[in-house]
Student: 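Sharing a structure below in structure tokens format, with a few things to ask.
Please read these numbers as outputs of a predicted model, since none were measured by experiment. Letters go in sequence order (proteins before strands), and every chain restarts at 1. Quick note: numbers below take in every heavy atom, side chains included, and nothing from hydrogens, waters or symmetry partners.
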There are 2 protein chains.
Amino acid sequence: MEAGASATRAGGKNSAARPNLAAVAALAGVSASTASLAFSGAGPVSDATRAKVLAAAEQLNYGGPDPRAQSLRRGRSGIVGVVMEDRLREAFRDPMNVAMLDGLADELGTAGLGLLLLTEPGSGGPELSLAPMDAVVLVGCSTQLDRSVVALHQRGIPVVAIEAEPMVDVLAVDLDNRDATARAARHLHELGHTRVALVTLPLEPTHPRGALTEERIAASTAFTSRERIRGARDVFPAIGGVVAAGSSVEEGLIAGRELLGSGDAPTAVIAQSDLLALGVIRAAQERGIRVPEELSVVGFDGVRIEGAAPYELTTLVQPAVEKGRAAGSAIVELLAGQTPAPRAFTSEFRVGNTTGPAIS
Amino acid sequence: MEAGASATRAGGKNSAARPNLAAVAALAGVSASTASLAFSGAGPVSDATRAKVLAAAEQLNYGGPDPRAQSLRRGRSGIVGVVMEDRLREAFRDPMNVAMLDGLADELGTAGLGLLLLTEPGSGGPELSLAPMDAVVLVGCSTQLDRSVVALHQRGIPVVAIEAEPMVDVLAVDLDNRDATARAARHLHELGHTRVALVTLPLEPTHPRGALTEERIAASTAFTSRERIRGARDVFPAIGGVVAAGSSVEEGLIAGRELLGSGDAPTAVIAQSDLLALGVIRAAQERGIRVPEELSVVGFDGVRIEGAAPYELTTLVQPAVEKGRAAGSAIVELLAGQTPAPRAFTSEFRVGNTTGPAIS
DNA sequence: CGAATCGATCGAATCGATTCGAGAACGACT
DNA sequence: AGTCGTTCTCGAATCGATTCGATCGATTCG
């Protein structure tokens, strides 16, 4: 509290308290409603009056209508929450997420909406329901969000989910994760690979590493990861592998060491992100295993990674920015009272130089 | 507007309108004030009453107090704005920024505050003043923000600036940019280098590339970049170079080609970020110039970059996460009515294997 | 047994603006 | 001159909750 705080009321009208629209109106000699019109521009106000109001505002050092009050009255705050499953640092490590966010921010920014970064409940951050949001975007979130989604619906807050388990009253922006992965798997199959392993994204909220087991898959809450596993199994029904703790080159390296160090090392690896794929390649390099001659590696995302040279990943290029954009425009439509259709995006399989025929 | 919207009033009390605290209180047979107490937990409320209120809330499908109304009444929205100079994609491309943001989010999250991403005014995004924010963090922003800062002060919104031109009533979280760069320059000087060039971060809001000229430096609005240039000139008064359009390996590559292709190529380069430094190294590799034998390169930030191997950059390690944390805790204190002291961080000069003696 | 105390609940004011319908002033048209 | 139509301004209601002080019983203390 500042020095003059206690005098808020005692000091009369001209105390240190921040001025409000009423004070400005009073000084200008007009009613509050007119002053409001003068600021918002809606409704007819004579130039003379507007000038008077603006002058009064300047004199009182009034910075314009309080956004908090506007939010209440209008029922809109201009803020859209974005819930990402990881900590910021984790989420932003993958260029894919950043690209997606960029598309989202771009679309929302155009509509005058701001992006509020939220983490999943329980992370200690804002409770996901106490923030004044107009809408929410769920990004690759676990299915455990059901409860929160219900809470949001009670508030009448529309929800858009990018790559998530279908939920009632949640607009889906999807990617052909399963199909795409199956395509990559088929590619490996055609090249003659039979010993193929997966390096997956985290399956649990706590991101533990470890072998990919049936139990873990069944218990998993990570939609995207599970879909991609399904896609791989459409081609290699018994495929196994390891689970990484995140999407990074480092994690890929760890996973790669694990896979390549075992007795019957695979001849091909399906990594669930380009960063992981690059890490696997690094692990191969460490062991003197040549890519793609002795080991084929496919990634996912199609992001351009610094330091991948001379490799050009065989990967699934997904329209990340477009995905974000689609989510953004869906939100804008939702807020306009329209009912946009769900969007589904497809990935393009791009063959690089990290896959080749299986060694006979 | 939804189907039942027009019936909001006509339908009587039980229409499709979203329930509010008053409705819940009425159904529970208590006053609104008691219902409020029951939800907030402040003040004494008997268990029986609380149960009644909660039951009524459930029956009405009431999701708890409206954050917008709370914001107004409490004068707090729980939202902190973060203004970054670039587009999201630009800003998040540099791990440095992400690390900083992570520290910030961590500290703010603990205090129950959310992070609202904003871009500089004029970018079309939220007007930086119409969002209901409790405080604002300026990150490496241009000096052109003066006007906005004034607007924020009018609203009584505290402002913290990370590495920015000192401004009145703005709490500074600083880094020894000048000093640190001078240290690196001295290192090169001691190694015998005389033909040294700079690769700087953008100097103007529009991020044009080009030669580093006196006019540009003088007209520059980028604080960090300018400070670092000053540091370099403390050792090499006549140092020139090129300006990059952002902080990325790609930009460093472009800048490096420019520098190394010219007639009297430098024997050492001071890059203003690690990403730029790595790009310069790439440019050298392209031309068959050996690092560090024929070209020394120093960076700034000390972030671990994938793909830098086998090089370990000679660079200035700055405490990025800590910087963000400091800004976060400063904000928390500011909001608590305290007056935290400005913070200044120092970078540590780390010698890697990208600098060596000048060729005689 | 009267008084002080404590716990639970309620009333009313307040946060700061927006917006709708009504009213006033004024020029134009028949 | 009277009526109609503009244009500008105002009053009052409203958005949804929080919070201070007052009230009212019931319990406990002297």
Student: Can you tell whether the side chains of B:Asp134 and A:Arg68 come within less than 4.0 Å, N to carboxylate O?
Tutor: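 Yes, B:Asp134 and A:Arg68 are salt-bridged.
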
Student: Begin from the C-alpha positions of A:Asp47 and A:Lys52 and carry the test salt bridge (Lys or Arg N to Asp or Glu O under 4.0 Å) through to its verdict.
Tutor: CA-CA 9 Å; A:Asp47 291 344; A:Lys52 264 195 305 185; over 6 Å; no

Student: Taking the six-membered ring for Trp, are A:Phe39 and A:Tyr62 parallel (under 30°), tilted (30 to 60°) or perpendicular (over 60°)?
Tutor: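 Perpendicular: the ring planes of A:Phe39 and A:Tyr62 meet at over 60°.
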
Student: Which of the following nucleotides, C:dA17, D:dG16, D:dT18, is nearest to the side chain of B:Ala69?
Tutor: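 Nucleotide nearest to B:Ala69's side chain: D:dG16.
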
Student: Report the residues that fulfil side-chain hydrogen bond (donor to acceptor under 3.5 Å, both in side chains) with A:Ser71, sequence neighbours left out, ordered by chain and then residue number.
Tutor: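 Expected list: none.
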
Student: Reckon B:Ser46 has a side-chain N or O less than 4.0 Å from the OP1 or OP2 of C:dA8?
Tutor: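 No, no such contact exists.
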
Student: Can a donor-acceptor pair under 3.5 Å be found between the side-chain atoms of A:Arg73 and the base atoms of D:dT14?
Tutor: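 Looking at the base of D:dT14, it does pair with a donor or acceptor on the side chain of A:Arg73 (distance under 3.5 Å).
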
Student: For C:dT9, does either OP1 or OP2 sit under 4.0 Å from a side-chain N or O belonging to B:Thr34?
Tutor: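 B:Thr34 to C:dT9 OP1/OP2: no side-chain N or O under 4.0 Å.
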
Student: So what is the 5' to 3' dot-bracket string for DNA chain D, if pairs are Watson-Crick or G-U wobble with both distances under 3.5 Å, crossing pairs use [ ] and | means the partner sits on another strand?
Tutor: ||||||||||||||||||||||||||||||

Student: Is the shortest side-chain heavy-atom distance between A:Val137 and A:Val83 below 4.5 Å?
Tutor: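 Contact flag for A:Val137/A:Val83 side chains = no.
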
Student: Would you tell me if any nitrogen or oxygen in the side chain of B:Ser36 comes within less than 4.0 Å of OP1 or OP2 on D:dT18?
Tutor: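 Yes.
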
Student: Under 4.0 Å between a side-chain nitrogen and a carboxylate oxygen: does that hold for A:Asp106 and A:Arg325?
Tutor: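 Judged by the 4.0 Å cut-off on N to carboxylate O distance, A:Asp106 and A:Arg325 do form a salt bridge.
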
Student: Would one find a side-chain N or O of B:Gln70 under 4.0 angstrom from OP1 or OP2 of D:dG16?
Tutor: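 Indeed not, no polar side-chain atom of B:Gln70 lies that close.
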
Student: Taking the side chain of B:Pro65 as heavy atoms from C-beta outward, which of D:dC10, C:dC10, D:dA17 is closest to it?
Tutor: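 Shortest atom-to-atom distance from the side chain points to D:dA17.
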
Student: Among C:dA17, D:dG16, C:dT19, which nucleotide sits nearest the side chain of A:Ser33?
Tutor: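 The answer is C:dT19, which lies nearest to the side chain.
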
